[in-house]
K.L.:
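Here's a structure for you.
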Amino acid sequence: MQLKHYLQFTDLGREEYEYVFERARWMKRAFKQYRQYWPFADRTLAMIFDKNSTRTRLSFEAGMNQLGGTSIYLSTRDMQLGRGEPVEDSARVISRMVDLIMIRTYEHDILRRFAQHSRVPVINGLTDEYHPCQIMGDIFTFIEHRENIAGKIVAWIGDVNNMCNSWLQAAEVFDFKVHVSAPPGYEVNPEQIGLIGTKNFEMFSSPHEAVKNVDLVTTDVWTSMGFEAEAEQRKADFADFCVDAEMMTLADENAVFMHCLPAHRGEEVTADVIDGPQSVVWEEAENRLHTQKALMEYLLLGKIQDT
Ligand code: CP
Ligand code: NVA
């Protein structure tokens, strides 16, 4: 099988996502019914973390376990990679010992270089620029609620970060629109994320205008990991970009609210929204597990017959 990495959302096409989602639905049912499915007996996933994580580590580790395989948690605090061993050498060595590698790191270029020197599939577990696994889980969750995302409108309120970039890439693949509302100085740069000539997003200076009649309202922390030095400035810059109940009333009445978590209630979202009836954040978190299991199966085994 040809080596396939998952570094950005656009690394899979629409038809591949549809296949992965079908497998994720099957795996979700099997998991809920305590049915064993162990295609990864004797397979190992290495997970390299250069940043903190709860959901990503848990979903990959539990997921690998549920598929009959093993995972190894590696923190760059303990690895030679964290003491200056070249990314390329680390990739050559690690990929001779395991079947699959997931990395959470800073610049996307680190991940790209790692993948270039890996003999096994590499998965992006979040970089400064992208978080494709989360958006895959989010789109799966949206489809569970509303059947289809094509033709719908997503409002992204707040920081134009890794999550926002992956939403914008997903809009190209699944053919929906993204309304982005961010303060001056934090605008989208479509060329930087490979979206030349895209018609699938629109910038709004007012978050209230951006959410009008949309099908999904979503946001994220104002200060992502790695940007902590800017936290105070960002709190001031984003003060008018909190998703609150009044803002939600402007969206479609069936609109859902999403947040990749962890959240800061009272900053990017109020408690009544994230803990309210339109919020699907816990399902979003759970679906990381099911979709990533299906992704790992696809990257390692390709398309298989339903079991
Ligand atoms: N949403 C997400 O990726 O969460 P973690 O940072 O806890 O992995
Ligand atoms: N944008 C956030 C997402 C955390 C899952 C960050 O990068 O810190």
Side-chain angles (χ1 to χ4, degrees), residues 6-9 45-64 71 73-77 101-111 123-142 154 156-170 178 180-183 186 188-189 192-193 216 218-231 233-235 237-238 241-243 257-265 267-269 274 279-293 295-296:
Y6 188 63
L7 309 185
Q8 309 187 25
F9 197 89
L45 165 74
M47 306 185 295
I48 302 171
F49 283 93
D50 213 0
K51 292 176 174 172
N52 291 40
S53 170
T54 297
R55 279 144 289 265
T56 302
R57 176 179 177 181
L58 256 174
S59 50
F60 273 104
E61 197 164 327
M64 196 62 191
S71 57
Y73 172 79
L74 297 158
S75 161
T76 50
R77 278 192 302 273
I101 300 168
M102 186 241 81
I103 310 182
R104 168 168 287 195
T105 188
Y106 291 89
E107 298 93 53
H108 193 75
D109 200 50
I110 299 173
L111 180 74
I123 299 174
N124 181 351
L126 179 146
T127 59
D128 288 349
E129 290 87 347
Y130 303 110
H131 196 5
C133 287
Q134 180 69 52
I135 304 303
M136 179 174 62
D138 292 0
I139 290 179
F140 181 83
T141 307
F142 186 86
V154 173
W156 176 270
I157 308 300
D159 190 21
V160 172
N161 61 13
N162 41 16
M163 283 288 298
C164 179
N165 287 341
S166 290
W167 269 116
L168 292 168
Q169 288 197 337
V178 186
V180 179
S181 187
Y186 295 90
V188 171
N189 187 339
Q192 219 169 46
I193 54 169
L216 163 60
T218 186
T219 185
D220 188 13
V221 291
W222 292 339
T223 303
S224 285
M225 292 180 280
F227 295 83
E228 288 79 3
E230 301 171 13
Q233 182 62 49
R234 284 169 169 268
K235 261 189 193 171
D237 292 345
F238 287 99
F241 291 79
C242 173
V243 178
F257 172 79
M258 287 191 184
H259 190 307
C260 68
L261 306 172
H264 295 80
R265 288 170 176 76
E267 290 189 18
E268 73 274 7
V269 60
I274 194 166
S279 171
V280 295
V281 297
W282 314 120
E283 290 160 65
E284 219 188 319
E286 180 190 322
N287 282 331
R288 293 285 303 278
L289 173 71
H290 311 303
T291 50
Q292 287 164 195
K293 281 166 72 177
L295 173 73
M296 290 193 287

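Read the numbers this way: they start at 1 and go in the same order the structure lists the ligands and their atoms. We number each residue from 1, following the sequence as shown.
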K.L.:
I'd like to check whether Cys260 has a polar contact with ligand 1, where a contact means an N/O of the residue lying under 3.5 Å from an N/O of the ligand.
P.N.:
yes
K.L.:
Relative to the heavy atoms of Leu261, which atoms of ligand 1 are at a distance of less than 4.0 Å?
P.N.:
1 (N), 2 (C), 4 (O)
K.L.:
Taking all non-hydrogen atoms of both residues, which atom of Arg234 and which atom of Thr223 are closest, and how far apart?
P.N.:
CD-OG1, 3.5 Å
K.L.:
Could you report the tightest heavy-atom contact between Thr218 and His259, atom names first, then the distance?
P.N.:
OG1-N, 4.2 Å
K.L.:
Answer with yes or no whether Arg104 contacts ligand 1, where contact means a heavy atom under 4.0 Å from a ligand atom.
P.N.:
yes
K.L.:
In the protein, which heavy atom is nearest to atom 4 (O) of ligand 1, and how far is it?
P.N.:
Arg55 NE, 2.8 Å
K.L.:
Measure Arg288 to ligand 1 on non-hydrogen atoms and call it side chain, backbone, both or neither using the 4.0 Å cut-off.
P.N.:
side chain
K.L.:
Does the pair Tyr73 and Phe49 meet the rule for a side-chain contact (heavy atoms from CB on, under 4.5 Å), with working shown?
P.N.:
CA-CA 8 Å; Tyr73 172 79; Phe49 283 93; 3.2 Å; yes
K.L.:
Taking all atoms of both residues into account, what is the closest heavy-atom pair of Val221 and Pro262, and its distance?
P.N.:
CG1-O, 3.4 Å
K.L.:
Among all protein heavy atoms, pick out the one at the shortest distance from atom 3 (O) of ligand 1; state its residue, atom name and that distance to 0.1 Å.
P.N.:
His131 NE2, 2.9 Å
K.L.:
Mark up the atoms of ligand 2 that fall under 4.0 Å of a heavy atom belonging to Leu261, in ascending order.
P.N.:
5 (C)
K.L.:
Please tell me whether Gln292 and Ser59 have a donor and an acceptor in their side chains that are separated by less than 3.5 angstrom.
P.N.:
yes
K.L.:
Are a donor atom and an acceptor atom from the side chains of Asp237 and Gln233 found within less than 3.5 Å of each other?
P.N.:
yes
K.L.:
Suppose we measure from atom 7 (O) of ligand 2 to each protein heavy atom; which comes out shortest, and what is that distance?
P.N.:
Asn162 ND2, 2.8 Å
K.L.:
Should Thr56 be listed as contacting ligand 2, given a heavy-atom distance under 4.0 Å as the test?
P.N.:
no
K.L.:
Kindly compute the distance separating CD1 (Ile123) from CG (Leu111), expressed to the nearest 0.5 Å.
P.N.:
10.5 Å
K.L.:
Any non-hydrogen atom of Leu126 lying under 4.0 Å from ligand 1?
P.N.:
no
K.L.:
Surrounding CD of Glu228 (heavy atoms of other residues, nucleotides or ligands, distance under 6.0 Å), is the total greater than 12?
P.N.:
yes
K.L.:
For Gly125 and Arg104, work out which heavy atoms get closest and say how close.
P.N.:
O-NE, 2.9 Å
K.L.:
Number the atoms of ligand 1 from 1 as they appear, then name those within less than 4.0 Å of a heavy atom of Thr54, with their elements.
P.N.:
5 (P), 7 (O), 8 (O)
K.L.:
Gln134 to ligand 1: N or O pair under 3.5 Å?
P.N.:
yes
K.L.:
How far is atom 4 (C) of ligand 2 from its nearest protein heavy atom, and which residue and atom name does that atom have?
P.N.:
Leu126 CD1, 3.9 Å
K.L.:
Can you see which heavy atom on Asn161 is nearest to which on Ser224, and at what distance?
P.N.:
ND2-OG, 3.5 Å
K.L.:
Under 3.5 Å between any N/O of Ser224 and any N/O of ligand 2: does that happen in this structure?
P.N.:
yes
K.L.:
Tell me whether ligand 1 is touched by Lys51 - counting only heavy atoms on the residue side and a distance under 4.0 Å.
P.N.:
no
K.L.:
Name the option, out of Ser53, Pro262, Ala263, Gly137, that contains the heavy atom nearest to atom 8 (O) of ligand 1.
P.N.:
Ser53
K.L.:
Specify the protein heavy atom at minimum distance from atom 8 (O) of ligand 2: its residue, its atom name, and the distance to 0.1 Å.
P.N.:
Met225 N, 2.8 Å
K.L.:
Looking at atom 3 (C) of ligand 2, what's its closest protein heavy atom, distance included?
P.N.:
Asp220 OD2, 3.6 Å
K.L.:
Should the pair Phe238 and Phe241 be assigned to parallel (<30°), tilted (30 to 60°) or perpendicular (>60°) ring geometry?
P.N.:
perpendicular
